[in-house]
**Q** 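Below is a structure I'd like to ask you about.
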Amino acid sequence: MDKAQFLIFVSLALFAIGLLGLIVRRNLLVMLMCMELMLNGVNLSLVTFAQRSGTVQGAVMVFLIFIVAASEIAIAIPIVLLLVRHRRTLDAGAYTELKG
Amino acid sequence: MKSLLTLIVLLPLAGFMLNGILATRLGRNPLGPRFVSVVACALPMLSFVLTVLCFMQLQASGGTPLIEARYTWAEIGGQAFGIGFHFDRLSAVMTLIVTGVGSLIHLYSVGYMKGDDGYARYFAYLNLFLFFMLLLVLGRSLLVVFVGWEGVGLASYLLIGFWFDDPVKAAAGKKAFITNRIGDAGFLLGMFLLWGACGTLDIDPINKAFNSATPPAVSASLVGILLFIGACGKSAQIPLHVWLPDAMAGPTPVSALIHAATMVTGGVYLVARMSGVFDHAPEASQVVAVVGAATAFFAATIAIAQNDIKKVLAYSTVSQLGLMFVALGVGAYAVAIFHVVTHAFFKACLFLGSGSVIHALHGEQDIMKMGGLWKRIPITFVTFAIATAAIAGIPPLAGFFSKDEILWFAYASSRGGSPLLWLVASAASLMTAFYMFRLLWLTFFGTSRMDAETEHHVHESPLSMTGVLVILAVLSAAGGFIPLVHYLEPMLPLPAVPEPLHHLERTLVMIAVGVAFIGLLTAWWFFGGDAVRARRMAPALAPVHRVLAGKYFIDELYEAVLGRPLQWLSQRVFLQFGDRMLIDGTLHTLAGIARGTAAALGAVQGGSLHRYALFVVLGVVAAIAWSVRHA
């Protein structure tokens, strides 16, 4: 198994762990972290493919994703903080006011 | 005057409209009753006057029918259903009776119904009845007759249940209506057959067609029997007789007008009207005669054991109608109509007399609680006695002539007359005389059995009632001298009588008179004085009395055979199975399915973030799998 293949598997594993965590865990912060894991799994695969093909588009893509991820976290964490101040819990199941 | 007949029919309808729409609004206005009485009595009387005019016109033209085709109701496939009126000798007689006796009874009702809460409503119904009855009598086509036929049923229902806050009376109205429906089904089927075979419902062409050399291709007997089923319902013949005695729940003048003088003779009139059909239907005629004889006999036996003054008269009406059907069955249509006329006189007089008695006793109808009334209400007594003698067949009163002719033709007619029919009819006459004189004795003679309170208040009725009684008593006394049979003969010829029987006529008349007097004497023997002999005999006859007083338990039989199974069927099959299980069940199941599906789908949108995420993943995986497979 060469290095690239190994890295792809790692990226797949990161994505899968993140997805599983998102579905299974109820803690909002942990869910956010899991989403970061998934993003980074994708980033890793992008970098790997970029290196293999000798182009830079993949690396550029990774930077763009960093920016999106950073802004997303910057908005999500305050929202979570406000929610917690309101309800005193991190459980996602407690915030179901918007359900139909 | 081209529209006299239409006017005759429409005047009572106008009375119904005026009283029904205007007068019921007047409420407690003191002018109200006066307005109602004037409208209700004047219009039928005007009808009567017009009828007399028409009658004179008919005489002047030597019996050519007056025909007024008024209006085309519907035109179907080139065939027109018209509303028209037909005035020949037969309908002339009936119209005179209906408007004449009808007017008298309206007049009587003014006194009888005075102060009733439903005064205006009562007269509105009575006028409505008269309208439909005239439609029945004057209708040119069977369709118009049928409209009148149903209409008188409706009016009868409304008037039987006039005091509808008493459930018993309301139920009696329903019983009459439903029993009549059975007969009406027969009438309708007969009409269908006639329409199919003759292509018209006009009565004259139908009669002519049956009398022509090439009669219509339909069994006259079948048509006759179907029409007779209709007549059975309206005229209370076995087995549809059960409604008439219960119909006595209505006000007494109603019993006199509808359930004695006019409506119940509608069946007789129908058969006489369709004589062309029955002339060619010997089997149907035989059925008519036999049913009539059986009804006459059994109703008479029941009447012997009744104690309600109106019930006795009701069963006597059923019995007399039976005699009329005997006459129809042996082809003596004119004689049956003759008896209709005399019966209208004396039975109206009897009913109105009983109404006067009931009025005097403040609603008491049990003859066991009467007695000795003849001194207290003499006019009522005299008129009642004359009518009783008339119905019993004592010469020379009206009933003697018509009944004697019926008996004669029952014996001697070449169209189905037989000694057996005569015997049964004579037995019925004997019992008629017996129970009518029993009624007379228990009501008017002997010592009083009233309680002191009622006794104290006994009073003769007002002039508007006694006047009518006197007129009707005179008619019941002299009505037999009207040469009615002779008058109708050109239209309804009498059946031939075999030559060897001619010499018997005198003997039979003697027997008929003898029978009437035997009835009188036995009644006097039993119930004369204070009915001592009757009371002494009572224990020995108790079982027979129970059967008769129970009216042969026919009501109970119908209840067991028809009523209860029908109720069971309705309750179990139609209500519980059909309605609740099948219809409601289907709907509930459908609703349940919808609700279950909604619940299942609603759970998908449960508000759980994790589940949404899972669904997203599953969706993505499925999409990828699909795209890979179809790549």
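All values below were derived from every heavy atom in this structure, side-chain atoms included, with hydrogens, water molecules and symmetry-related copies excluded. Naming convention: chains lettered A, B, ... in sequence-line order (proteins, then strands); numbering from 1 in each chain.
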**Q** A quick test of your reading: do over 12 heavy atoms of other residues, nucleotides or ligands sit less than 6.0 Å from CD of Glu150(B)?
**A** yes
**Q** Taking atom CZ of Arg572(B) as the centre, report whether more than 12 heavy atoms of other residues, nucleotides or ligands fall under 6.0 Å from it.
**A**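 Open.
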**Q** Given a strict heavy-atom distance threshold of 4.5 Å, which part of Arg26(A) is in contact with chain B: side chain, backbone, both, or neither?
**A** both
**Q** Taking side chain as everything from C-beta outward and backbone as N, CA, C, O, which of these in Ile23(A) sits under 4.5 Å from a heavy atom of chain B? Side chain, backbone, both or neither.
**A** both
**Q** Decide if atom CZ of Phe615(B) counts as having more than 12 heavy atoms of other residues, nucleotides or ligands within a radius under 6.0 Å.
**A** yes
**Q** Looking at Arg611(B), I want to see if its CZ is surrounded by more than 12 non-hydrogen atoms of other residues, nucleotides or ligands under 6.0 Å.
**A**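 Not buried by this count: 12 neighbours or fewer within 6.0 Å.
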**Q** Could you state the interatomic distance from CG (Leu22(A)) to NE2 (His610(B)), rounded to the nearest 0.5 Å?
**A**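 Going from CG on Leu22(A) over to NE2 on His610(B), the span is 7.0 Å.
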